[in-house]
Amino acid sequence: MPENKKKKKILKILKKIKLRHFLILFILLVANSYAWLVYVNTVNNSVDVHVASWKIDFKNGDDEVVDYVNVVVNNVYPGMPNFSNQLKAFNYSEVAASVSYSILEANIMGTQFVTVEGRAENNQQVQTGDLTSAQLSAKLNTDYPFHIAFNISTQSIEAQTGLALFTTSVTWPYESGNDALDTTWGTTAYTFKQSNPSTPCITLRVKVYITQSNS
């Protein structure tokens with residue numbers, strides 16, 4: 001075979017190999033990019049995390065300082081990433097303060113709870129079966145395979161430099177320890193989301209209020 005023909009044949013083979021490798025590399029990049037986008041969208045669609053800062057400054061005598069925390073969890077499922085919503089309350093006033101909270105409302109996959117405190121907030125008559133904020137808090141933390149908990153880092157905020165953290169958390173371990181509840185509520189959560197794709201699985205409305213300490 002003439003030398004020129006050999007060179008042309010070799011070049012032709014090299015071009016085919018390069019093109020094949022390029023196509024394989026391109027397919028792998030597209031596949032990996034798609035997998036990453038699916039992962040990111042899944043996480044973002046499942047959990048909303050919110051942190052807010054709140055400056056407390058008493059200017060009207062003994063007036064109460066109030067804030068309302070609205071918690072939204074779009075999707076829940078066994079093994080979900082832990083959800084946390086945190087309110088930071090800074091006390092820049094010259095007096096110490098006491099902090100507390102009341103759960104006003106909760107909606108768990110279409111089941112609505114309005115507490116006694118929530119009725120009072122809206123000047124409504126208490127209905128039979130309404131729970132107090134403390135009772136609903138206990139129910140949300142114990143009656144489901146997922147746990148909804150509320151925590152205040154301190155009930156007394158020092159003057160000028162004090163800080164209190166009010167945290168709402170939702171956790172659902174992959175195995176909660178109760179297979180029946182995991183199965184029942186896992187199916188309920190999936191069915192609810194399929195029927196209501198734009199509706200959050202969990203919504204909470206909490207009143208956080210701070211008053212001047214008597215001490």
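Along the sequence shown, residues are numbered consecutively beginning with 1. FYI, side chains are in, hydrogens and waters are out, and symmetry mates aren't considered; it's all heavy atoms of this structure. Only a predicted model underlies this, so the values are computations on that prediction, with no experimental measurement involved.
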> Could you go step by step and tell me if Val76 and Phe83 meet the side-chain contact (heavy atoms from CB on, under 4.5 Å) rule?
Replying inline: CA-CA 10 Å; Val76 293; Phe83 171 91; over 6 Å; no
Specify the closest pair of heavy atoms between [X] and [Y], including all atoms of both residues, with the distance to one decimal.
{"X": "Glu117", "Y": "Ser133", "result": "OE1-N, 2.9 Å"}
{"X": "Pro173", "Y": "Pro145", "result": "CD-O, 4.3 Å"}
{"X": "Glu158", "Y": "Asn91", "result": "O-ND2, 3.1 Å"}
{"X": "Leu163", "Y": "Ser153", "result": "O-OG, 4.3 Å"}
{"X": "Asp130", "Y": "Val114", "result": "OD1-O, 3.4 Å"}
{"X": "Tyr174", "Y": "Asp182", "result": "O-OD2, 4.2 Å"}

What's the spacing between [X] [atom1] and [Y] [atom2] if we round to 0.5 Å?
{"X": "Arg205", "Y": "Thr115", "atom1": "CZ", "atom2": "OG1", "result": "11.0 Å"}
{"X": "Ile157", "Y": "Thr211", "atom1": "CD1", "atom2": "OG1", "result": "9.5 Å"}
{"X": "Leu87", "Y": "Tyr68", "atom1": "CG", "atom2": "OH", "result": "13.5 Å"}
{"X": "Asn141", "Y": "Leu136", "atom1": "CG", "atom2": "CG", "result": "11.0 Å"}
{"X": "Leu131", "Y": "Ile103", "atom1": "CG", "atom2": "CD1", "result": "9.5 Å"}
{"X": "Tyr101", "Y": "Asn151", "atom1": "OH", "atom2": "CG", "result": "8.0 Å"}

Would a 4.5 Å heavy-atom cut-off, applied to side chains only, mark [X] and [Y] as touching?
{"X": "Phe150", "Y": "Leu204", "answer": "yes"}
{"X": "Phe166", "Y": "Val99", "answer": "no"}
{"X": "Val170", "Y": "Val71", "answer": "no"}
{"X": "Asn122", "Y": "Leu104", "answer": "no"}
{"X": "Met80", "Y": "Asn75", "answer": "no"}

> Is the Trp185 ring parallel, tilted or perpendicular to the Phe146 ring (thresholds 30°, 60°)?
Replying inline: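 Aromatic pair Trp185/Phe146 classed perpendicular.
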Take a 6.0 Å sphere around [atom1] of [X] and say whether it holds more than 12 heavy atoms from other residues, nucleotides or ligands.
{"X": "Gln135", "atom1": "CD", "result": "yes"}
{"X": "Gln155", "atom1": "CD", "result": "no"}
{"X": "Gln112", "atom1": "CD", "result": "yes"}

>> Could you go through Cys201 and Val73, starting from their C-alpha distance and side-chain angles, then the distance that decides it, and tell me whether this counts as side-chain contact (heavy atoms from CB on, under 4.5 Å)?
In response: CA-CA 6 Å; Cys201 284; Val73 184; 5.8 Å; no
> Is NZ or CZ of Lys207 both nearer than 6.0 Å to the six-membered ring centre of Tyr209 and within 45° of the ring axis?
Replying inline: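 Yes, cation above the ring, under 6.0 Å and within 45°.
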>> If we ignore hydrogens and angles and just use 3.5 Å, is the side chain of Lys193 paired with the main-chain N or O of Ser198 as donor and acceptor?
In response: no
> When you measure from the side chain of Asn178 to the backbone N and O of Leu181, does any donor-acceptor pair fall under 3.5 Å?
Replying inline: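 Yes; judged by distance alone, with no hydrogens or angles, the pair exists.
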> Step by step, would you call Ile152 with Val208 a side-chain contact (heavy atoms from CB on, under 4.5 Å)?
Replying inline: CA-CA 10 Å; Ile152 295 178; Val208 180; 5.9 Å; no
> For the hydrophobic clusters of this structure (ILVMFWY residues joined by side-chain heavy atoms under 4.5 Å, transitively), does one cluster hold both Phe113 and Val116?
Replying inline: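 The answer is no; the residues belong to distinct hydrophobic clusters.
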